[in-house]
Enquirer: 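So that we are looking at the same thing, I have put the structure below in structure tokens.
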Amino acid sequence: MESRHGIVILDFGAQYSQLIARRIREHHVRSLLVPYNVSIAELRDMQPAGIILSGGPSSVFDEGAPHPDPAVLSMGVPVLGICYGLQWIAHAMGGKVEPARQREYGRAQLHILNDSRLLRSLPSPLPVWNSHGDEIVILPPGFHQSGKTETAVGAIENVEKNIYAVQFHPEVRHTAHGDQILANFVFDICGATPDWTSKSFIEHTIKSVREQVGSGYAICALSGGVDSTVAATLVNRAIGDRLRCIFVDNGVLRQNEFTAVFSSLEHLGLNVLGVDASARFLTKLAGVVDPEQKRRVIGNEFISVFEEESKQFREAGFLVQGTLYPDVIESVSVKGPSAMIKSHHNVGGLPEKMHLRLVEPLRELFKDEVRRVGADLGIAPEILQRQPFPGPGLAVRILGEVTPERLNYLRAADEIVYEEIRDAALYESIWQSFAVLLPVRTVGVMGDQRTYGYTVALRAVHSEDGMTADWVRLPYEVLERISSRIVNEVRGISRVVYDITSKPPSTIEWE
Ligand code: XMP
């Protein structure tokens with residue numbers, strides 16, 4: 001963005017930290033989430049218009065509780081504490097925090113007191129969302145109480161020092177006028193400018209990619225997915241044909257996908273080399289049953305193909321990747337222990353091996369922002385609304401060995417799932433919907449004939465970011481059409497089942 005003066009959020013590990021960043025961006029103000037222990041020098045470099053201290057699971061008096069450098073409170077930048085943020089401010093500025101006599105979880109009524117600057121022009125009492133086990137028992141000197149709930153101090157402020165804090169969560173929708181509270185802080189108190197729009201993002205990014213790449217060349221591996229397509233289109237706008245893209249058919253793509261995606265990429269004006277390496281991949285996958293081994297085989301083969309093909313672009317010094325903000329944030333709450341459950345990175349190790357420097361034009365964006373940028377770049381809605389598809393493709397949706405025969409079954413079943421979900425107008429509201437082929441044969445009967453075919457599992461999930469997911473309550477009619485079409489149209493499949501597990505404890509893909 002032109003203006004670097006956004007809001008910096010110090011993350012104390014709350015479930016909602018990322019949500020705060022998103023809410024601020026909904027007001028078209030740049031926001032960054034950083035670990036709570038960022039140094040003051042780094043904070044100053046970010047030139048924030050305001051600082052938010054997030055909530056977190058600890059108690060301020062716990063051993064090992066997160067304490068940022070107290071100098072954040074005297075940088076001359078307005079501060080807003082939320083939940084743990086409030087407690088830490090009170091604790092650090094000479095007040096007293098104790099375990100609450102009555103803990104508050106969920107809904108509460110906030111009575112706004114005095115002439116609060118933060119809570120200005122809001123109705124009182126205000127329904128708010130709470131989640132805390134500690135409370136302020138003595139206010140820090142210089143602060144006044146600007147809001148209270150039945151049992152606890154709900155909001156405090158020190159206008160002179162420009163420090164504000166609330167016990168509840170303005171970032172969650174259950175808090176009425178939460179958006180207004182954040183807007184009061186961001187605009188009235190911090191004076192931030194609403195210039196985080198996709199148009200200004202595009203202009204700024206094109207400029208910075210030009211600066212980074214200079215007169216050099218870049219290469220990019222396209223997958224046909226939203227992120228790599230938007231990243232490449234942005235870089236193409238910056239450096240034109242000096243960006244060379246490679247799109248590899250790894251043999252485990254969906255039906256007709258290679259041709260369809262290839263032509264839509266060319267249509268975008270990208271300089272794309274299409275490589276049919278399917279035979280190589282399938283040979284390497286023969287006999288492989290272990291899920292992690294499949295991922296490794298595909299990842300390594302991809303790197304070999306990419307290295308070989310990019311020899312003709314020897315001049316390239318940069319690699320473009322569609323990394324998004326959630327992958328970058330070093331947040332306790334975002335990166336859970338789940339980060340290591342499956343190996344996800346398909347081009348891991350490539351930049352070091354090929355001595356390439358990374359260009360990551362989307363590393364500050366959330367997925368919905370990427371879609372908006374893509375729309376402003378003129379990318380078709382069919383590409384932007386595409387559901388995520390894993391790098392190892394159908395290989396992790398065929399349990400057991402991947403064979404050409406099994407791929408044919410799965411491709412045909414997957415196409416039916418796609419058509420029916422799309423025709424029921426559900427495709428865009430679902431995070432992912434797909435078929436999984438189980439190497440389990442069951443008995444059926446068709447036209448008085450005994451059948452003995454494979455089983456297909458249907459998976460459809462809602463999710464915000466793939467980290468957690470819930471299964472979709474698909475209408476019975478849709479389930480019925482999918483099941484009946486698969487069994488009737490895909491010879492070799494005699495049964496369809498529906499996966500009704502959420503993530504956790506399960507994962508989205510079966511392998
Ligand atoms: P899981 O199965 O771990 O998947 O719940 C979470 C999200 O990640 C996608 N996924 C992958 N994406 N390479 C990718 O690019 C991979 O190896 C990979 N494995 C899973 C999955 O489709 C879901 O959206």
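All ligand and atom numbering here is 1-based and tracks the order in the structure. Fair warning: this is a prediction, and the values are worked out from it, not measured in the lab.
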Enquirer: May I ask you to check if ligand 1 and E509 share an N or O to N or O distance below 3.5 Å?
Expert: yes
Enquirer: Any chance the side chains of R495 and T442 put a donor and an acceptor closer than 3.5 Å?
Expert: yes
Enquirer: Does NZ or CZ of R314 fall inside the cone over Y217's six-membered ring, less than 6.0 Å from its centre and within 45° of the axis?
Expert: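 Verdict for Y217: no cation-pi partner in R314.
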Enquirer: Compute the shortest N/O to N/O distance between I508 and ligand 1 and return yes if it is under 3.5 Å, no if not.
Expert: yes
Enquirer: Out of R459, Q432, K294, R397, whose heavy atom sits nearest atom 24 (O) of ligand 1?
Expert: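 Closest candidate by heavy-atom distance is Q432.
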Enquirer: Verify, without hydrogens or angle tests, whether Q432 (side chain) and V461 (backbone) share a donor-acceptor contact under 3.5 angstrom.
Expert: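 A pair under 3.5 Å: no.
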Enquirer: If the contact criterion is a heavy-atom separation under 4.0 Å, does W431 count as touching ligand 1?
Expert: yes
Enquirer: Against heavy atoms of R295, which atoms of ligand 1 measure under 4.0 Å?
Expert: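 The list of qualifying atoms is 16 (C), 17 (O), 18 (C), 19 (N).
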Enquirer: Relative to each other, are the rings of F258 and F247 parallel, tilted or perpendicular (30° and 60° limits)?
Expert: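 Rings of F258 and F247: parallel, under 30°.
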Enquirer: Considering the heavy atoms of K503, write down every atom of ligand 1 situated less than 4.0 Å from one of them.
Expert: 1 (P), 3 (O), 5 (O), 6 (C)
Enquirer: For the residue pair R254 and Y418, would you count it as a cation-pi contact if the rule is NZ or CZ under 6.0 angstrom from the ring centre and within 45 degrees of the ring axis?
Expert: no
Enquirer: Classify the angle between the aromatic ring planes of Y36 and F12 as parallel (below 30°), tilted (30 to 60°) or perpendicular (above 60°).
Expert: parallel
Enquirer: Check ligand 1 against G466 and write out every atom of the ligand that is under 4.0 Å from a heavy-atom position of the residue.
Expert: 6 (C)
Enquirer: Which atoms of ligand 1 are found less than 4.0 Å from any heavy atom of T507?
Expert: 1 (P), 2 (O), 5 (O)
